[in-house]
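Reviewing the structure listed below.
All values below come from the heavy atoms of this structure, side chains included, with hydrogens, waters and symmetry mates left out. Quick caveat, the model's predicted, so the values are computed rather than measured.
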Amino acid sequence: MLLPFLATGWGGLKGSLVATIGVVLPSFVIIFVIVTAFTSSGFDQYPNILKFFDGINSAITALLIAATLKLIPYSIKNNFGWFILAFSLLGIYFFSLDIAIIVLLASALGYCATKYLGSDTK
């Protein structure tokens, strides 16, 4: 996903949009074809195939947890980072806030903390 950022420097906003479409579109088309073939052929009525996809869902969940645990040391550098993490989890799981709202609020909190409390907020 680095390409859209690089394309911004090379081609401005148009270059970034074209690069983003070029990165996202192939995966979208492949997933769309698989889902269309899966639902139109009646495969979703076989219990063994549904169990297979349950296994895939579990594996994907494990991969996401592993990736999250690897990213924590790079993304949470101080106590304020832990506060943002706790704030985000509370907002998502206990108050059912939309993820976009959580991202916007966390960004605003991070910006305000950096601007008013200093760059290494403890």
Side-chain angles (χ1 to χ4, degrees):
M1 290 304 293
L2 182 63
L3 184 62
F5 295 113
L6 293 174
T8 301
W10 297 329
L13 181 62
K14 289 179 185 177
S16 178
L17 290 174
V18 169
T20 301
I21 290 169
V23 168
V24 173
L25 189 61
S27 300
F28 175 78
V29 169
I30 290 169
I31 291 170
F32 181 76
V33 167
I34 290 171
V35 167
T36 303
F38 181 75
T39 55
S40 65
S41 63
F43 277 124
D44 56 343
Q45 296 177 6
Y46 294 104
N48 289 337
I49 292 179
L50 295 176
K51 289 177 186 175
F52 170 78
F53 282 110
D54 285 342
I56 289 176
N57 285 338
S58 300
I60 289 172
T61 301
L63 290 171
L64 288 172
I65 290 171
T68 300
L69 293 175
K70 283 184 180 180
L71 285 174
I72 284 176
Y74 300 104
S75 60
I76 300 177
K77 297 181 177 24
N78 51 36
N79 290 336
F80 190 72
W82 288 105
F83 170 76
I84 293 288
L85 175 69
F87 166 79
S88 300
L89 290 174
L90 286 172
I92 292 168
Y93 289 108
F94 293 110
F95 299 108
S96 300
L97 291 177
D98 188 51
I99 302 237
I101 292 172
I102 295 291
V103 169
L104 290 174
L105 289 174
S107 301
L109 278 173
Y111 173 79
C112 290
T114 303
K115 182 171 176 110
Y116 298 113
L117 301 175
S119 62
D120 49 331
T121 305
K122 300 274 178 192

Q. For the atom pair CG (Leu85) and CZ (Phe80), what is the distance rounded to the nearest 0.5 Å?
A. 12.0 Å
**Q.** Same apolar cluster (I L V M F W Y, side chains within < 4.5 Å links), Val23/Val29
**A.** no
Q) Which atom pair, heavy atoms only, marks the closest approach of Gly110 to Thr114? A) O-OG1, 2.8 Å
Q) Rounded to the nearest 0.5 Å, what separation is found between the CD1 atom of Ile84 and the CG atom of Leu89? A) 11.5 Å
Q | Any Ile49 side-chain heavy atom under 4.5 Å of Phe53 side chain | A | yes
**Q.** Residues, nucleotides or ligands: over 12 heavy atoms within 6.0 Å of Ile99 CD1
**A.** no
Q.
Assigning hydrophobic clusters by single linkage (Ile, Leu, Val, Met, Phe, Trp, Tyr; side-chain heavy-atom cutoff under 4.5 Å), is Leu69 placed with Ile92?
A. yes
Q: Flag yes if Tyr93 and Val103 sit in one hydrophobic cluster, no otherwise; membership is Ile, Leu, Val, Met, Phe, Trp, Tyr, and two members link when side-chain heavy atoms are under 4.5 Å apart.
A: yes
Q | Hydrophobic cluster of Val35, others only, ordered by chain and residue number, side-chain cut-off 4.5 Å | A | Ile31
Q | Nearest-0.5 Å distance that lies between atom CG in Leu105 and atom CG in Asp98 | A | 10.5 Å
Q.
What's the separation between atom CD1 in Ile60 and atom CD1 in Ile65, rounded to the nearest 0.5 Å?
A. 12.5 Å
**Q.** OG on Ser88 to CD1 on Ile101, rounded to 0.5 Å
**A.** 12.5 Å
Q.
Applying ring pair (Phe, Tyr, Trp, His ring centres under 6.0 Å) as the test, list every pair that has at least one member in residues 12-34; sequence neighbours left out.
A. none
Q | Nearest heavy atoms of Ile102 and Gly91, plus distance in Å | A | CD1-CA, 3.8 Å
Q) In this structure, are over 12 heavy atoms from other groups packed under 6.0 Å from Phe87 atom CZ? A) yes
Q | Closest contact, heavy atoms only, Gly22 versus Pro26 | A | O-CD, 3.2 Å
